[in-house]
Amino acid sequence: MQAGLVVLCLGYVLSQFFRAFLAVLSLDLERDIGATPEDLAFASGLWFLVFAAMQIPVGWALDKVGPRLTAAALLLVGGAGGSAIFAVATSPLHVSVAMGLIGVGCSPVLMASYFIFAHEYPPARFATLAAVMLGVGSVGNLVASYPTALAVEWIGWRATMVGLTVISAAIALGTWLSVRDPAKVGTEHKGTLLDLLKEPALWLIMPLMLVAYAPSAALRGLWAGPYLNDVFGLSTTQIGTATLVMGSAMIVGTFVYGPLDRVFGTRKWVILAGNVLSAVALTLLCVWIDYATWLSVLLLAVIGFAGTSFPVIMAHGRAFVPPHLVGRGVTLLNLFGIGGVGIAQFVTGRVHAATAENGTTAPYTAIFAFFAVTLAIGCVIYLFSRDNMD
């Protein structure tokens, strides 16, 4: 099983890469195929929404078919196929189609590993294991920054995408060869997604799940690039360096969050403190929107660090899910987490277009304010949730 988890982790590295690399490619795609920031926001949002929509069939497949076939087949068809389409794209529409297909390919990878954790390890270790997988997989976030910028400069973005096609196919094959499905849970209980939606505790957790990951994912995945270029005039490689800093902060944050629920004996207050910090950093970024490059990069790093509470929120929700519905439970939570990013990208793309004529900084002030307000609302609802350390 350990070898299979390593391969799934490599697949998650790929997933993290695909949700973040458009920020680095933004200038090249605008020059070569006329893709505007709004076009890329749509493509990025489509990746997240398709990814989120896939959580329903993926949850069913994990419970009924198992993680081996589910992850291998979707990664081969979606990941490799979408990358190949991206490599030959000649218009923003092609990029959007490719990103949607890649979203299909990436959709089962993390949940397949979480499914294995839930069935093979004690519940108290779930948050730590989930955070380790997320943290190691987030290396893809780093690869999608400065290294990708260098690859694009050396061989071009099309050749880079061809390489990703080959890598995606190789990881899909490795998943098929190395992952073993856990033993099925023996129970007479039957259940559906509707049974999970009847659990009141989840409805106080899911609103924060919807908005917590969106700021760091959306900014790192797209808006950091146009913002730093439009406001401070940074080049592709400089943007790559800045996003490398933010991506590194996200990895550190993931590992820091992981054990904190056991250290402090609470998930709720660890999650709440981190997301309040993220909301404060977003507010400061609005206030100091064009003060200095170093300050903006620092605040982006804080948002990245504080915005990685995803695995702990997942563990909080997982505690209210019965064993025979683990697959559908973790994918339901993931639907909210990833779907929130997709919705946010569509909204912020429209916000950027609507405020673009109001000055260079106006679109980004509006985008950062949107994330700060929605995150604050999520935190208020989450205040009424029930802590659970089972």
Side-chain angles (χ1 to χ4, degrees), residues 1-19 50-82 101-123 125-138 140 167-187 190-193 196 310-311 314-315 317-318 321-338:
M1 185 66 71
Q2 193 165 9
L5 288 172
V6 170
V7 176
L8 285 173
C9 190
L10 291 175
Y12 188 59
V13 169
L14 202 61
S15 177
Q16 283 282 351
F17 173 90
F18 282 127
R19 71 188 66 183
V50 169
F51 187 111
M54 283 296 297
Q55 296 310 298
I56 302 301
V58 164
W60 176 89
L62 289 175
D63 282 329
K64 299 296 184 180
V65 180
R68 177 173 174 251
L69 177 59
T70 302
L74 291 179
L75 185 56
L76 179 62
V77 174
L101 192 54
I102 292 170
V104 171
C106 295
S107 63
V109 179
L110 182 62
M111 292 303 100
S113 62
Y114 281 13
F115 182 86
I116 293 170
F117 293 154
H119 281 284
E120 300 285 333
Y121 296 91
R125 295 183 60 192
F126 185 90
T128 300
L129 291 169
V132 169
M133 178 64 75
L134 196 66
V136 175
S138 294
I167 292 171
S168 299
I171 294 176
L173 178 60
T175 300
W176 174 257
L177 295 175
S178 63
V179 172
R180 287 184 295 152
D181 294 327
K184 292 187 179 296
V185 176
T187 178
K190 295 188 180 296
T192 67
L193 190 62
L196 293 174
F310 179 92
M314 180 72 74
R318 159 70 184 87
V321 175
H324 64 290
L325 290 176
V326 164
R328 274 162 279 196
V330 295
T331 51
L332 174 65
L333 290 162
N334 200 36
L335 184 154
F336 275 78
I338 300 299

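Predicted model only: the values in this text are computed from it and were never measured. In what follows, every heavy atom counts, from backbone to side chain, and hydrogens, waters and symmetry copies are set aside.
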Roughly how far apart are [X] [atom1] and [Y] [atom2], rounded to 0.5 Å?
X	Y	atom1	atom2	result
S168	L173	OG	CG	12.5 Å
S107	L75	OG	CG	9.5 Å
F115	T70	CZ	OG1	8.5 Å
R180	L5	CZ	CG	10.0 Å
I338	L333	CD1	CG	11.5 Å
D181	L62	CG	CG	9.0 Å

Quick check: do [X] and [Y] have side-chain heavy atoms less than 4.5 Å from each other?
X	Y	value
V77	V104	no
P67	P182	yes
M133	F117	yes
I167	F17	no
V136	Y12	no
M314	M111	yes
I171	V109	no
V321	L332	no

Of all heavy-atom pairs between [X] and [Y], which one has the smallest distance, and what is that distance?
X	Y	result
R328	G59	CG-C, 3.8 Å
G103	V50	C-CG1, 4.3 Å
A71	P108	CA-CG, 3.7 Å
V7	S178	CG2-OG, 3.3 Å
G82	L101	N-CD2, 3.5 Å

Quiz item: Has R19 got its NZ or CZ under 6.0 Å from the middle of the six-membered ring of F51, at an angle within 45 degrees of the ring axis?
Solution: yes

- Task: For T175 and A72, indicate whether the former's side chain and the latter's backbone hold a donor-acceptor pair under 3.5 Å.
- Result: no

